[in-house]
Amino acid sequence: MSGSAQGRASGIEVRSIDYVPLNERHGKLWHLGPLWFMSNAQIATLAVGLISITGGGNLLWSLLAIVAGTVLGTFFMAFHSAQGPQLGLPQMIQSRPQFGYVGALLVWLFAYVQYAGFNVFNSILAADALHTTLHGGVKPWVLAVTVVALVIALVGYDIIHKAERILTYVFLVVFGIFTVGILLTLHYPAGSFDLGAFKWTPFLAQFGVVAGYQISWAIYVSDYSRYLPPDVTVRKTFYWTYFGSALGGIWMMVLGTLLAAWAGAHFETITSIDAAGDKIFDGFGAIVLLFAALGLISVTALNMYGGSLTLISAIDSVRRVRPTLSVRLLTLALTAALSVIGALAATAHFLADFNDFLLLVLYLFIPWTAVNLMDYYVVRRGHYAVAEIFNPRGIYGRWGWHGIISYLVGFAVMVPFFSVGTLYVGPAAKALGGADISLFIGLPVSALLYWWLTRSLDVEAEARLARAEAAELERAASEHREP
């Protein structure tokens, strides 16, 4: 039986947090483009483009903030993507070399909350879109969306890639028509394109939320590149991920800003999309919403898949887990159940809750992405003893104090710069008129502190150990034993 066949059962993916051996590597590098394009090109992303408009900014500066935030935030997430083919591991398990076998639970807890949170918002939007077009009630559609997403996530990696490619082609047609129609039929308030109407606070709020939204994908990316062969280059992996995600994100966020500027105080995601679509021709709004629901189901599946991997990683830090299909099914089911409970219990204040959630995601993952990327590209330069990542008594230790200290310090220095709506505005943010520049504080502090703390690491010794363990790692993974 081939290694690829051993990694699956009846077409269902078996592997989860374990290393993917070389004889199971497959896929094409360009598949990352449509996967990350479509992951971003859905109407939950559209809602990210509303912050500046609803905060008093004009249309032109809102658009510029979206482009600038996307350009910066996607830069970090795309560099995470290049780790997958080189290490053959999902994203969050790679935190162990920085945070330790047990210490990585710190970031995994936050990651799991993110997966669950995004799924709540995605399933609510999808259910609302389906109820608006097909009726039947929002709650039954929440259940239906979750079940379909669960099945996709269970089948796993390959079907997720294939579904996103198909949806990308349909998106280009449906949302291409929708976008052209919006540009030709909608009218905007006076001053929408006035360069002199710049306002610092809504611009930075929009920039920060967009950058945070893009950075929030960083915890996913290696999950969907880890089956690629390691001879794909870091540069090309970066490009396909970067441009796919950036183009999908900018497209949808710009649509959100255009719709919010047109609808004004009457904006509501589902009804405004429906109304704008019907301005193109009667019934087109329903077509857009139905396709949008499919996109949201696909990204809900991504969240369940990543949430399952994160949950298995967390459990394995407390009690060793042999990655099997039954473990995948159990953790997927739990993740789906939590999403349903959250969606059914969610309040009606969708937009405000979503904005605050995005900011919290930004705050929690800025220090992590700084530490992880500094470790991979500067400190260890991509060389890890992969088998040791699964060894509780291995060289990476139970507690990685270099990473934990860098994370906590980076987060702490960001706190005065936080600006989370009515929840909390730090003293530094108040002094800046409510503007949030915490991103520019946490990133360099965490990264530079981690680099300084790890100057004495014997990276060459790790590389020698990795070479010594490589053959056994491949054998154990191919036989589906623990690494």
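Reckoned from all heavy atoms, side chains included, excluding hydrogens, waters and symmetry mates.
How far CG of Leu258 is from CD1 of Ile182: 6.5 Å, rounded to the nearest 0.5 Å. For the atom pair OG (Ser298) and CD1 (Ile166), the distance works out to 11.0 Å, reported to the nearest 0.5 Å. Atom CD1 in Ile312 sits 14.0 Å away from atom CE in Met92 (nearest 0.5 Å). Atom CE of Met374 is separated from atom CG of Leu443 by 10.0 Å, given to the nearest 0.5 angstrom. Interatomic distance, CG of Leu35 versus OG of Ser245, reported as 10.0 Å (0.5 Å rounding). Here Gln91 contributes atom CD and Ile219 contributes atom CD1; the two are 9.0 Å apart, rounded to the nearest 0.5 Å.
With hydrogens and angles disregarded, no donor-acceptor distance shorter than 3.5 Å links the side chain of Ser81 to the backbone of Met77. The backbone N or O of Phe118 sits less than 3.5 Å from a side-chain atom of Asn122, completing a donor-acceptor pair. Between the side chain of Thr45 and the backbone N or O of Asn40 there is at least one donor-acceptor pair closer than 3.5 Å. In this structure, Thr70 contributes its side chain and Ala246 its backbone to no donor-acceptor pair below 3.5 Å. Within the 3.5 Å criterion, the main-chain N or O of Thr269 finds no donor-acceptor partner in the side chain of Ser272. Side chain of Tyr220 to backbone of Asn303: no donor-acceptor contact under 3.5 angstrom is found. Checking side-chain atoms of Gln94 against main-chain N and O of Leu89 turns up a donor-acceptor pair under 3.5 Å. A donor-acceptor pair under 3.5 Å links the side-chain atoms of Ser123 to the main chain of Val120, judged by distance alone. Without hydrogens or angle criteria, Arg15 side chain to Pro323 main chain gives no donor-acceptor distance under 3.5 Å. Although no hydrogens or angles enter the test, the distance criterion places no donor-acceptor pair under 3.5 Å between the side chain of Asp223 and the main chain of Val221.
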Residue pair Met414, Leu439: steps toward the side chain to side chain contact (heavy atoms under 4.5 Å, CB included) verdict: CA-CA 8 Å; Met414 290 169 62; Leu439 168 69; over 6 Å; no
Go through the steps for Phe365 and Trp217 under the test ring-ring contact (aromatic ring centres under 6.0 Å, His included), then give the verdict. CA-CA 10 Å; Phe365 284 101; Trp217 288 108; over 10 Å; no
Side chain to side chain donor-acceptor pair (under 3.5 Å) for Ser95 and Trp368? Distances and angles first, verdict last. CA-CA 9 Å; Ser95 296; Trp368 170 80; 2.9 Å; yes
Going through the checks in order, is the ring-ring contact (aromatic ring centres under 6.0 Å, His included) test met by Phe418 and Tyr363? CA-CA 8 Å; Phe418 288 172; Tyr363 299 150; 3.6 Å; yes
Salt bridge (Lys or Arg N to Asp or Glu O under 4.0 Å), that's the test. Do Arg381 and Asp375 meet it? Break it down for me. CA-CA 7 Å; Arg381 300 184 181 182; Asp375 186 63; over 6 Å; no
Chi angles and distances behind the side chain to side chain contact (heavy atoms under 4.5 Å, CB included) call for Ile270, His131: CA-CA 10 Å; Ile270 300 300; His131 170 65; over 6 Å; no
Between Thr335 and Tyr305, is a side chain to side chain donor-acceptor pair (under 3.5 Å) present by the stated rule, with each step listed? CA-CA 9 Å; Thr335 304; Tyr305 185 90; over 6 Å; no
Could you walk me through whether Ile366 and Phe411 satisfy the side chain to side chain contact (heavy atoms under 4.5 Å, CB included) test, starting with their C-alpha distance in whole Å, then the side-chain angles of each, then the deciding distance to 0.1 Å, before giving a yes or no? CA-CA 8 Å; Ile366 286 299; Phe411 186 85; over 6 Å; no
How far apart are the C-alpha atoms of Tyr377 and Phe79, what are their side-chain angles, what is the distance that settles it, and do they pass the ring-ring contact (aromatic ring centres under 6.0 Å, His included) test? CA-CA 9 Å; Tyr377 287 100; Phe79 268 120; 5.2 Å; yes
Quick one, Glu164 with Tyr224, criterion side chain to side chain contact (heavy atoms under 4.5 Å, CB included). Give me CA distance, side-chain angles, the key distance, then yes/no. CA-CA 12 Å; Glu164 297 291 56; Tyr224 299 101; over 6 Å; no
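Within the 4.5 Å cutoff, side-chain heavy atoms of Ile152 are placed close to those of Val148. Lys162 is not listed as a side-chain neighbour of Val155, based on a closest heavy-atom distance of 4.5 Å or more. Between Ile93 and Trp108 there is a side-chain heavy-atom pair separated by less than 4.5 Å. Under the 4.5 Å side-chain criterion, counting only non-hydrogen atoms from C-beta, Asn372 is in contact with Gln83. Side-chain contact between Leu32 and Leu29 is present, with at least one heavy-atom pair separated by less than 4.5 Å. A 4.5 Å side-chain heavy-atom check between Gln214 and Met253 finds at least one atom pair inside the cut-off. Residues Ile437 and Phe440 are in side-chain contact: their nearest non-hydrogen atoms beyond the backbone lie under 4.5 Å apart. With contacts defined as side-chain heavy-atom distances shorter than 4.5 Å, the pair Val67/Leu63 does not qualify.
When every heavy atom of Ser62 is checked against every heavy atom of Thr257, the shortest pair comes out as CB-CG2, 3.6 Å. Of all heavy-atom pairs spanning Ala333 and Leu150, the tightest one is N-CD1, 4.2 Å. Summarising the geometry of Leu449 relative to Val409, their closest heavy-atom pair is CD2-CB, 3.7 Å, with the distance given to 0.1 Å. Minimum heavy-atom separation, Ala276 to Leu259: CB-CD2, 3.6 Å. Smallest separation of non-hydrogen atoms from Ile17 and Leu309: CG2-O, 3.4 Å. Counting all heavy atoms, side chain and backbone alike, Val48 lies closest to Ile51 at O-CD1, 3.1 Å.
Using cut-offs of 30° and 60° for the angle between ring planes, the His161 and His31 rings count as tilted. Note: Phe37 and Phe171 have perpendicular aromatic rings, judged against thresholds of 30 and 60 degrees for the angle between ring planes.
No close placement of the Tyr450 and Tyr407 rings is indicated, their centers lying 6.0 Å or farther apart. With ring centers used as reference points, Tyr242 lies 6.0 Å or more from Phe75. In this structure, Phe175 has its ring center closer than 6.0 angstrom to the ring center of Phe178. In this structure, the ring of Trp240 has its center no less than 6.0 angstrom from the ring center of Trp36.
Side-chain contact annotation: Ser52 with Trp61, donor-acceptor N/O pair under 3.5 Å absent. In the model, Gln98 has no side-chain atom that pairs as donor or acceptor with a side-chain atom of Tyr376 under 3.5 Å. No side-chain donor from either of Thr454 and Arg380 sits under 3.5 Å from a side-chain acceptor of the other.
Salt-bridge formation is not detected for the pair Asp231/Arg25: no Lys NZ or Arg NE/NH1/NH2 atom is positioned less than 4.0 Å from an Asp or Glu carboxylate oxygen.
The side chain to side chain contact (heavy atoms under 4.5 Å, CB included) with Ile215 is formed by just one residue from the set Leu72, Val210, Thr74, Thr369; it is Thr369.
Counting non-hydrogen atoms of neighbouring residues, nucleotides and ligands closer than 6.0 angstrom, the CH2 atom of Trp200 reaches no more than 12 such neighbours.
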